[in-house]
Student: 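Provided herewith is a single structure, encoded as structure tokens, for subsequent inquiry.
This is a predicted model, so every value here is computed, not measured. Heavy-atom basis, side chains included; hydrogens, waters and symmetry copies ignored.
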Amino acid sequence: MQHLFEYAVIRVVPRVEREEFINVGVILYCSGLKYLNALHRLDVEKLRALCSHTDPDELERYLQALTAICAGKTEGGPIGQLPLASRFRWLTATRSSVVQTSRVHPGFCTDASETLLRLFGQLVL
């Protein structure tokens, strides 16, 4: 059975005023499968090429927080305790910060985990 899913690309924008970014992850939400998860990988070489002053360890902590929110872990704070749809909407809300997401895109899948891995491979790796 096909299920509607939504996803957004996680981006690192080291210098917001320049609007240059690196795709570092994907967040995928599927209501029908009660699924919300994110994968990320920070390419430090690309990061340094855009902005040598950005701290990769600090960015990694932010990216891990996004993953904790998706998983509903206590490390995700109060946002991590919200229902799946609310967490996804909060994570993908428009913001002007170093860690941002793309617009949300829809699709259909039978296996959300497999779809997340495929999108991660296509858009990040």
Student: Run the numbers on Glu17 and Arg15 for salt bridge (Lys or Arg N to Asp or Glu O under 4.0 Å), then give the verdict.
Tutor: CA-CA 5 Å; Glu17 70 278 6; Arg15 294 176 59 195; 3.4 Å; yes
Student: Could you check whether Glu20 pairs with Arg18 (Lys NZ or Arg NE/NH1/NH2 to Asp/Glu carboxylate O, under 4.0 Å)?
Tutor: yes
Student: Using modelled atom types only, decide if a donor and an acceptor are shared between the side chain of Asn23 and the backbone of Leu123 within a distance under 3.5 Å.
Tutor: yes
Student: Answer yes or no: is there a side-chain heavy-atom contact under 4.5 Å between Thr101 and Thr94?
Tutor: no
Student: Could you measure the distance from the OH atom of Tyr35 to the CG atom of Leu28? Nearest 0.5 Å is fine.
Tutor: 6.0 Å
Student: Working to the nearest 0.5 angstrom, can you tell me the gap between Cys109 SG and Gln2 CD?
Tutor: 7.0 Å
Student: Between Thr115 (side chain only) and Asp111 (backbone N and O only), is there a donor and an acceptor less than 3.5 Å apart?
Tutor: yes
Student: Tell me, do His40 and Thr67 make a side-chain contact under 4.5 Å, heavy atoms counted?
Tutor: yes
Student: Can you find a pair of side-chain heavy atoms, one from Leu59 and one from Thr54, that are under 4.5 Å apart?
Tutor: yes
Student: Please say yes or no: joined through hydrophobic side-chain contacts below 4.5 Å, possibly via intermediate residues, are Leu116 and Leu91 part of one cluster?
Tutor: no
Student: Ignoring hydrogens, what is the shortest heavy-atom contact between Tyr29 and Leu36? Give both atom names and the distance.
Tutor: CB-CD1, 3.9 Å
Student: Report the relative orientation of the aromatic rings in His105 and Tyr7; use parallel for angles under 30°, tilted for 30 to 60°, perpendicular for over 60°.
Tutor: tilted
Student: In sequence, state the C-alpha distance, the side-chain angles, and the governing distance for Arg89 and Glu6, and then conclude on salt bridge (Lys or Arg N to Asp or Glu O under 4.0 Å).
Tutor: CA-CA 10 Å; Arg89 299 290 170 237; Glu6 299 172 81; 2.9 Å; yes
Student: If you define the side chain from C-beta out and look only at heavy atoms, does anything of Leu50 sit under 4.5 Å from Ile22?
Tutor: yes
Student: Going from CG on Asn37 to CG on Leu117, what distance comes out if it is rounded to the nearest 0.5 angstrom?
Tutor: 9.0 Å
Student: Walk me through it: do Asp43 and Val24 pass the test side chain to side chain contact (heavy atoms under 4.5 Å, CB included)?
Tutor: CA-CA 7 Å; Asp43 186 328; Val24 298; over 6 Å; no
Student: Counting C-beta onward and ignoring hydrogens, is there a side-chain heavy-atom pair between Arg87 and Cys70 closer than 4.5 Å?
Tutor: no
Student: Do you know the tightest heavy-atom contact between Ala8 and Thr92?
Tutor: CB-CG2, 3.7 Å
Student: For a side chain to side chain contact (heavy atoms under 4.5 Å, CB included) check, start with the C-alpha distance between Leu84 and Lys34, then their side-chain angles and the critical distance, and finish with the verdict.
Tutor: CA-CA 7 Å; Leu84 290 177; Lys34 295 180 174 74; 4.2 Å; yes
Student: If you group Ile, Leu, Val, Met, Phe, Trp and Tyr by side-chain heavy-atom gaps below 4.5 Å, do Tyr62 and Leu39 land in one group?
Tutor: no
Student: With sequence neighbours left out, what residues match Arg103 under side chain to side chain donor-acceptor pair (under 3.5 Å)?
Tutor: none
Student: Measure the OG-CD distance between Ser86 and Gln81 for me, rounded to the nearest 0.5 Å.
Tutor: 12.5 Å
Student: Please name the pair of heavy atoms, one in His3 and one in Cys30, separated by the smallest distance, quoted to 0.1 Å.
Tutor: CB-SG, 3.5 Å
Student: With sequence neighbours left out, write down each residue that passes side-chain contact (heavy atoms from CB on, under 4.5 Å) with Gln100, or none if nothing qualifies.
Tutor: Val13, Val16, Ser97
Student: In terms of hydrophobic clustering (I, L, V, M, F, W, Y; side-chain heavy atoms under 4.5 Å; direct or indirect links), are Leu42 and Phe21 co-clustered?
Tutor: no
Student: Output all residues satisfying salt bridge (Lys or Arg N to Asp or Glu O under 4.0 Å) with Arg41, sequence neighbours left out; order by chain, then residue number.
Tutor: none
Student: Are side-chain heavy atoms of Leu4 and Ser31 found at a separation under 4.5 Å?
Tutor: no
Student: Please tell me whether Val26 and Leu63 are part of a single hydrophobic cluster in this structure, the criterion being side-chain heavy atoms less than 4.5 Å apart.
Tutor: no
Student: Could you grab the distance from atom CZ of Arg48 to atom NZ of Lys46, nearest 0.5 Å is fine?
Tutor: 15.0 Å
Student: Any heavy-atom pair between the side chains of Pro106 and Phe5 that's under 4.5 Å?
Tutor: no
Student: Rounded to the nearest 0.5 Å, what separation is found between the CZ atom of Arg61 and the CD atom of Glu58?
Tutor: 6.0 Å
Student: Heavy atoms only: give me the nearest Ile69-Gly76 pair and the separation to one decimal.
Tutor: CG1-O, 3.5 Å
Student: Do Leu119 and Val104 belong to the same hydrophobic cluster, where Ile, Leu, Val, Met, Phe, Trp and Tyr are linked whenever their side-chain heavy atoms lie under 4.5 Å apart, directly or via other members?
Tutor: no
